[in-house]
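Here is the structure we will look at.
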Amino acid sequence: MKITSTSCICPVLVCLCFVQRCYGTAQHSSIKGTRNQTKHIEGETEVHHRPKRGWVWNQFFVLEEHMGPDPQYVGKLHSNSDKGDGSVKYILTGEGAGTIFIIDDTTGDIHSTKSLDREQKTHYVLHAQAIDRRTNKPLEPESEFIIKVQDINDNAPKFTDGPYIVTVPEMSDMGTSVLQVTATDADDPTYGNSARVVYSILQGQPYFSVDPKTEHYQLYVPESAQVGSAVGKIKANDADTGSNADMTYSIINGDGVGIFSISTDKETREGILSLKKPLNYEKKKSYTLNIEGANTHLDFRFSHLGPFKDATMLKIIVGDVDEPPLFSMPSYVMEVYENAKIGTVVGTVLAQDPDSANSLVRYFIDYNAEDDKFFNIDANTGTIKTTKVLDREETPWYNITVAASENDNPSLLSHVTVVIRVLDVNDNPPELAREYDIVVCENSKPGQVIHTISATDKDDFANGQRFNFFLDEHLSINPNFTLKDNEDNTASILTRRRRFSRTIQDVYYLPIMISDGGIPSLSSSSTLTIRVCACERDGRVRTCRAEALLSSAGLSTGALIAILLCVVILLAIVVLFITLRRSKKEPLIISEEDVRENVVTYDDEGGGEEDTEAFDITALRNPSAAEELKHRRDIRPEMKLTPRHQTFSTLESIDVQEFIKQRLAEADLDPSVPPYDSLQTYAYEGQRSEAGSISSLDSATTQSDQDYQYLGDWGPEFKKLAELYGEIESERTT
């Protein structure tokens with residue numbers, strides 16, 4: 001098997017046709033207002049190493065070196081909104097717009113006004129837009145397209161090296177390889193045969209000859225080709241058929257090893273060349289590969305006819321593509337102090353055009369619409385500055401995206417992430433870590449630690465926070481409590497005296513100061529509230545308020561609720577009883593049998609007898625006092641009572657019981673009494689007791705005058721009393 005040029009299509013043309021298929025189809029067409037699209041071979045994975053522009057399928061062609069008197073027609077733009085009435089205006093912008101390429105703003109026809117050289121610039125990127133002529137509003141989104149300069153055969157091939165000096169051993173067999181030469185053509189290898197090189201020997205015949213077509217294959221690959229994509233094909237011819245014609249391809253050597261790889265298509269028996277690493281025209285413009293094709297099925301009976309393999313050299317030309325700017329770093333980290341003045345420089349980014357043209361680069365920050373803009377960037381230098389005062393405690397980090405574009409081609413953009421760290425300054429005073437519930441026991445001792453406090457600070461210190469705790473020096477010495485700095489960012493509250501009393505003072509206030517270790521140092525003041533509580537011997541708090549006394553008795557919350565419920569029920573029963581009692585009518589006159597002494601009880605320190613409606617008991621004891629008429633105390637009558645006629649001959653002979661009946665009758669029949677019920681009670685003890693009065697009012701003035709021997713004659717009811725007073729009397733006598 002040999003790789004030859006005797007197949008039905010020249011291998012060079014096979015490679016060129018494949019590249020032509022990958023790069024684009026040469027045709028004149030109209031462009032609709034659509035976005036650019038990138039086409040990838042099915043089943044391949046796209047790997048991004050550097051931002052590259054994808055293939056643009058909407059493109060025009062213009063012949064290079066056009067020398068005609070009239071502008072060269074390029075193509076026509078057309079919008080679906082164009083009805084042919086002239087209301088649509090076409091605008092052309094981009095590379096060469098208005099100078100090299102002009103457009104009829106009514107018809108959309110594009111013409112080239114200058115002669116172009118494909119070897120200087122292969123294509124132009126332009127933008128088309130259709131707007132309403134009356135309102136100047138766009139009818140369709142702006143569309144990008146390419147005008148490609150179509151090659152003509154205006155360059156002669158040139159040998160890359162030379163002159164060549166080689167030696168050949170004498171007596172060498174015919175067909176011995178002596179030298180391999182390479183010539184290149186600057187014309188487009190992807191279009192026509194302008195770049196196809198044919199070799200011939202001008203002198204040295206008939207001793208030497210050269211293969212006019214196969215000294216090597218040449219393949220054009222643009223630097224924008226994606227890693228993993230197929231960039232070309234190569235095929236070896238085998239006169240056998242069936243499995244005897246199966247072959248495999250491999251790269252033997254060359255400077256392209258590691259950059260390219262080759263695989264075998266089992267059906268077409270072609271070698272598929274793929275890209276393993278990204279290409280860069282500015283670093284390396286061409287690669288050389290030595291490729292070998294070998295049969296996979298060998299018959300050892302015919303091994304003497306071998307070897308059943310052949311090799312060829314493949315030269316790969318890297319095509320230049322306009323690339324977006326390239327940043328000097330994949331990402332940037334910058335720092336700026338908080339509270340810095342507006343306009344403070346944060347840092348600088350740098351991007352350059354990787355192409356040989358080295359176009360100028362412009363910068364801008366890619367903000368979203370809802371983002372708050374804290375930074376701006378100089379469009380020419382890439383210097384980032386602040387636009388607002390920053391607060392580290394509010395936002396310690398900022399992530400912004402900086403974009404760079406070429407002045408000549410603003411559509412080519414590259415982006416980089418810039419992380420900005422806000423550095424801290426000491427602008428926040430320390431504060432208590434939280435609100436403390438501090439308790440001191442009534443039975444506390446001097447120097448006893450009752451609580452430990454700590455502090456926090458919103459600021460950030462590189463060497464750790466350090467707080468100082470102290471009492472205000474401008475205040476007098478606190479006789480009750482003192483503060484001890486533990487030197488570990490905490491402080492202890494200590495008592496200065498023995499015992500406290502809730503009844504005297506149940507709450508104390510202790511003002512304290514806290515300072516930080518920043519430069520300059522900041523401080524703040526706080527006031528601690530200390531409650532006095534009753535505690536157990538082991539220090540457990542028993543109660544702190546008067547309303548908690550029930551809890552100190554050991555009653556649980558449930559028991560307290562049950563007691564309160566019982567009290568409420570009892571109160572409800574009492575109210576109900578009083579309501580029913582008031583609604584019941586009671587007689588104004590008490591039955592005759594219910595005659596008892598009226599006992600008046602005074603439970604308060606009020607006005608004495610003026611607070612009662614009872615009758616004077618002396619009037620009952622001494623009927624002679626009744627001769628003075630008195631008005632009722634419960635109501636002042638509007639008219640004087642009718643004088644009563646005394647029917648008794650002498651007051652001394654009046655019986656008390658009879659006297660009470662008379663008074664009741666007079667009260668009932670008195671016409672001056674207001675028309676409401678008034679209850680009057682008269683008590684009477686009945687007839688005189690045979691034992692006589694036992695009241696102390698009738699006792700003798702001195703104890704020695706009294707004789708208690710008669711108590712023993714009163715019966716068994718007074719036996720105990722007689723024994724008691726008898727013993728007392730005997731003790732006095734003794």
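All values derive from a computational prediction rather than experimental measurement. For reference, positions follow the sequence shown, starting with 1.
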Any side-chain heavy atom of [X] within less than 4.5 Å of one from [Y]?
X: Ile493; Y: Leu510; answer: yes
X: Arg362; Y: Asn407; answer: yes
X: Arg466; Y: Asn468; answer: yes
X: Ser521; Y: Ser515; answer: yes
X: Phe481; Y: Tyr509; answer: no
X: Met334; Y: Val336; answer: no
X: Phe375; Y: Val346; answer: yes
X: Leu471; Y: Pro511; answer: no

Enter the distance from [X]:[atom1] to [Y]:[atom2] here, rounded to the nearest 0.5 Å.
X: Glu393; Y: Glu338; atom1: CD; atom2: CD; result: 4.5 Å
X: Ile563; Y: Leu560; atom1: CD1; atom2: CG; result: 6.0 Å
X: Asn426; Y: Asp424; atom1: CG; atom2: CG; result: 7.0 Å
X: Asp391; Y: Phe374; atom1: CG; atom2: CZ; result: 9.5 Å
X: Arg502; Y: Cys544; atom1: CZ; atom2: SG; result: 7.5 Å
X: Leu483; Y: Ile512; atom1: CG; atom2: CD1; result: 6.0 Å

[X] side-chain N/O to [Y] backbone N/O, donor-acceptor pair under 3.5 Å:
X: Asp378; Y: Asn380; answer: yes
X: Glu323; Y: Asp353; answer: no
X: Gln505; Y: Val507; answer: yes
X: Ser405; Y: Leu413; answer: no
X: Asp516; Y: Leu522; answer: yes
X: Asp485; Y: Phe469; answer: yes
X: Thr401; Y: Tyr367; answer: no
X: Ser414; Y: Pro324; answer: no
X: Thr383; Y: Thr348; answer: no
X: Asn489; Y: Phe467; answer: yes

I'd like to know whether Val440 forms a side chain to side chain contact (heavy atoms under 4.5 Å, CB included) with Thr495, so could you lay out the CA-CA distance, the side-chain angles of the two residues, the decisive distance to 0.1 Å, and finally the verdict.
CA-CA 8 Å; Val440 60; Thr495 58; 3.8 Å; yes
For the student: nearest non-hydrogen atoms of [X] and [Y], plus distance:
X: Asp459; Y: Val425; answer: OD1-O, 3.2 Å
X: Gly343; Y: Lys385; answer: O-CD, 3.7 Å
X: Arg496; Y: Pro479; answer: CB-O, 3.5 Å
X: Pro278; Y: Val227; answer: N-CG2, 3.5 Å

The test is salt bridge (charged side-chain N to carboxylate O under 4.0 Å, His left out); show your working for Glu442 and Arg499 and say whether it passes. CA-CA 5 Å; Glu442 288 182 316; Arg499 301 192 64 83; 5.9 Å; no
All N/O donor-acceptor pairs, side-chain side in residues 525-536, below 3.5 Å, sequence neighbours left out:
| unit_1 | atom_1 | unit_2 | atom_2 | d |
| --- | --- | --- | --- | --- |
| Arg531 | NE | Asp437 | OD1 | 3.3 |
| Arg531 | NH2 | Asp437 | OD1 | 3.1 |
| Arg531 | NH2 | Asp437 | OD2 | 3.2 |

- Task: Go through the steps to decide whether Ile514 and Glu431 satisfy the test side chain to side chain contact (heavy atoms under 4.5 Å, CB included), and finish with yes or no.
- Result: CA-CA 7 Å; Ile514 310 174; Glu431 299 175 348; over 6 Å; no
* To do: Test side chain to side chain contact (heavy atoms under 4.5 Å, CB included) on Phe327 and Val349 and set out the steps.
  => CA-CA 8 Å; Phe327 282 96; Val349 298; 4.2 Å; yes
Please tabulate, for the side chains in residues 447-456, all donor-acceptor contacts under 3.5 angstrom to protein atoms that are two or more places apart in sequence or on a different chain.
| unit_1 | atom_1 | unit_2 | atom_2 | d |
| --- | --- | --- | --- | --- |
| Gln448 | OE1 | Lys445 | N | 3.0 |
| Ser454 | OG | Tyr436 | OH | 3.2 |

Count the heavy atoms belonging to other residues, nucleotides or ligands that lie under 6.0 Å from [atom1] of [X], then report whether that count exceeds 12.
X: Lys388; atom1: NZ; answer: yes
X: Tyr337; atom1: OH; answer: no
X: Ile477; atom1: CD1; answer: no

Arg497 to Phe500 six-membered ring, cation-pi geometry met (6.0 Å, 45°):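 Arg497 over Phe500 ring: yes.
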Fill in: Residues Ile377, Val402; criterion side chain to side chain contact (heavy atoms under 4.5 Å, CB included); working and verdict
CA-CA 8 Å; Ile377 190 170; Val402 176; 3.7 Å; yes
- Message: Any donor-acceptor pair under 3.5 Å linking the side-chain atoms of Asp457 with those of Asn428?
- Response: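 Judged by distance alone, the side chains do not pair up.
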inquiry  = Taking Arg421 first and then Glu335, would you say they form a salt bridge - that is, a charged N and a carboxylate O separated by under 4.0 Å?
reply    =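 Glu335 and Arg421: salt-bridged.
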